[in-house]
Amino acid sequence: MKQKSNKLTGAQGFEQFYTQIYGERWNAIKEAFKKENQAVEYKIPGSQKSYYLDAASVFAALCLPVKQAENILDLCAAPGGKTLVIASRMNEDAKLSSNERSPERKHRLQTVVNECLPEEINSRITVSCSDGATWCTRQTECFDCILLDAPCSSERHVMLDDKYLNTWSPSRIKTVSMEQWALLSSAYRLLQPGGYLLYSTCAICPQENDDMLEKLIKKFNREGDAFTFIEPSPDLSEIEAFVKMELPEYEKTKYGYEIFPDVQNGAGPIFFSLIKKGKSIN
């Protein structure tokens with residue numbers, strides 16, 4: 001199977017690869033991908049503009065427990081939707097570092113923060129342009145809540161763009177997975193003991209989702225007490241003043257949760273997993 005998958009390329013390879021994973025359900029997922037994503041309006045009182053984002057993205061960001069946090073990090077924050085959800089929920093004395101490694105995307109992120117947040121929240125957000133994978137070489141265990149919405153294969157976008165679809169191969173997943181692991185291991189090192197880390201992607205292949213968490217277990221949790229997986233408990237009442245929506249339902253995976261557009265009115269796809277760090281790694 002591994003040798004066969006390595007030969008899969010282009011649109012035909014893409015089709016065969018995901019059919020192997022999802023079987024008959026793949027047709028329903030593809031049809032959902034073709035439909036327009038049902039974005040919801042997120043409008044924070046006092047801000048200049050609204051922001052529109054996927055209901056599944058709101059759900060994932062809502063799962064990060066920021067109420068008791070003082071120092072929060074959004075490690076791969078552009079274009080900024082999840083930063084807005086976190087910022088609108090954090091305590092009045094909390095600070096948020098919102099980071100993006102691409103200068104162009106960082107500029108977009110800064111614009112979103114300036115236009116879609118009121119000044120009293122904006123003043124507590126630092127927007128930076130840094131490589132999240134190397135951040136841990138400068139600091140460790142300094143944030144008590146971290147969101148890592150990692151760059152991913154984004155199959156929905158691949159399928160809808162012939163340029164990417166015709167050049168697709170499993171090597172794309174392998175390359176992205178290496179980047180994700182560098183970011184995830186860095187984020188874990190940046191997390192304080194007792195802190196929470198939410199890992200998410202908009203990919204639907206296990207290599208970028210559960211397999212990343214499997215790798216984290218092997219690296220940091222061999223004795224079973226370095227971190228624990230936490231069941232999400234989003235509270236829509238925290239943001240009901242900013243958005244009108246119903247929370248989509250999620251499906252359980254080995255280490256996390258998924259929201260798929262074929263069964264959630266177009267929301268998603270998104271994978272997310274929440275962990276709570278136990279002891280220090282130092």
For [Y], is there any backbone N or O sitting under 3.5 Å from a side-chain donor or acceptor partner on [X]?
| X | Y | value |
| --- | --- | --- |
| D210 | P206 | no |
| S123 | E119 | yes |
| S186 | A182 | no |
| R101 | A133 | no |

Side-chain touch [X]/[Y], heavy atoms, less than 4.5 angstrom:
| X | Y | answer |
| --- | --- | --- |
| Y250 | P232 | yes |
| L184 | L197 | yes |
| E155 | I29 | no |
| I270 | F59 | no |
| S177 | M212 | yes |
| N122 | N114 | yes |
| S97 | S128 | no |
| P261 | R156 | yes |

Under the side chain to side chain donor-acceptor pair (under 3.5 Å) test, residues paired with K106 that sit two or more places apart: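 For K106 there are no side chain to side chain donor-acceptor pair (under 3.5 Å) partners, ignoring immediate neighbours.
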[Y] reachable from [X] in the ILVMFWY side-chain graph, under 4.5 Å edges:
| X | Y | value |
| --- | --- | --- |
| Y188 | F272 | no |
| V58 | Y51 | yes |
| L64 | L216 | no |
| V85 | V127 | yes |
| I146 | V113 | no |

Would you name the heavy atoms of [X] and [Y] that are closest together and state the gap between them?
| X | Y | answer |
| --- | --- | --- |
| V176 | S153 | CG1-N, 4.0 Å |
| C145 | P65 | SG-O, 3.0 Å |
| N37 | G268 | ND2-O, 3.9 Å |
| I259 | E249 | CG1-O, 3.8 Å |
| I72 | A94 | CD1-CB, 4.4 Å |
| P79 | V112 | O-CG2, 3.3 Å |

What pairs with [X] under side-chain contact (heavy atoms from CB on, under 4.5 Å), at least two apart in sequence or on another chain?
| X | value |
| --- | --- |
| Q192 | D144 |
| C152 | S154, Q180, T201, C202, A203, E208 |
| F229 | L213, I217, F227, Y255, S273, I275 |

Interatomic distance, [X] atom [atom1] to [Y] atom [atom2] [nearest 0.5 angstrom]:
| X | Y | atom1 | atom2 | answer |
| --- | --- | --- | --- | --- |
| F271 | C205 | CZ | SG | 10.5 Å |
| R189 | Q139 | CZ | CD | 14.5 Å |
| R172 | F17 | CZ | CZ | 12.0 Å |
| L236 | E246 | CG | CD | 9.0 Å |
| S200 | L274 | OG | CG | 11.0 Å |
| I86 | L96 | CD1 | CG | 6.0 Å |

K277/E141 salt bridge by N-O under 4.0 Å criterion: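 Between K277 and E141 there is a salt bridge, with a charged N closer than 4.0 Å to a carboxylate O.
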Pairs touching residues 62-72 that satisfy side-chain hydrogen bond (donor to acceptor under 3.5 Å, both in side chains), sequence neighbours left out: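 As it turns out, there is no side-chain hydrogen bond (donor to acceptor under 3.5 Å, both in side chains) pair with a partner in residues 62-72 once direct neighbours are skipped.
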Identified salt bridge (charged side-chain N to carboxylate O under 4.0 Å, His left out) counterpart of E100 within the set R105, K82, R108: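 Output: one option passes, namely R105.
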More than 12 non-hydrogen atoms from neighbouring residues, nucleotides or ligands closer than 6.0 Å to [atom1] on [X], yes or no?
| X | atom1 | result |
| --- | --- | --- |
| K43 | NZ | yes |
| K252 | NZ | yes |
| E24 | CD | no |
| K276 | NZ | no |
| Q12 | CD | no |
| D131 | CG | yes |

Residues in ring pair (Phe, Tyr, Trp, His ring centres under 6.0 Å) contact with Y42, at least two apart in sequence or another chain: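 For Y42, the residues satisfying ring pair (Phe, Tyr, Trp, His ring centres under 6.0 Å) (neighbours in sequence not counted) are F242.
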Aromatic ring pairing W181/F220, orientation class (parallel under 30°, perpendicular over 60°, tilted between):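 It falls in the tilted class, 30° to 60°.
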Residues I44, L117; criterion side chain to side chain contact (heavy atoms under 4.5 Å, CB included); working and verdict: CA-CA 6 Å; I44 302 172; L117 286 171; 3.3 Å; yes
Distance-only donor-acceptor check, side chains S102 and E104, under 3.5 Å: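 There is such a pair between these side chains.
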Between E15 and W26, a side-chain donor and acceptor under 3.5 Å: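 Distance-only check passes for E15 and W26.
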Chi angles and distances behind the ring-ring contact (aromatic ring centres under 6.0 Å, His included) call for Y22, F260: CA-CA 12 Å; Y22 289 100; F260 277 93; 5.7 Å; yes
Working for side chain to side chain contact (heavy atoms under 4.5 Å, CB included), residues L62 and L247: CA-CA 10 Å; L62 191 57; L247 291 178; 4.0 Å; yes
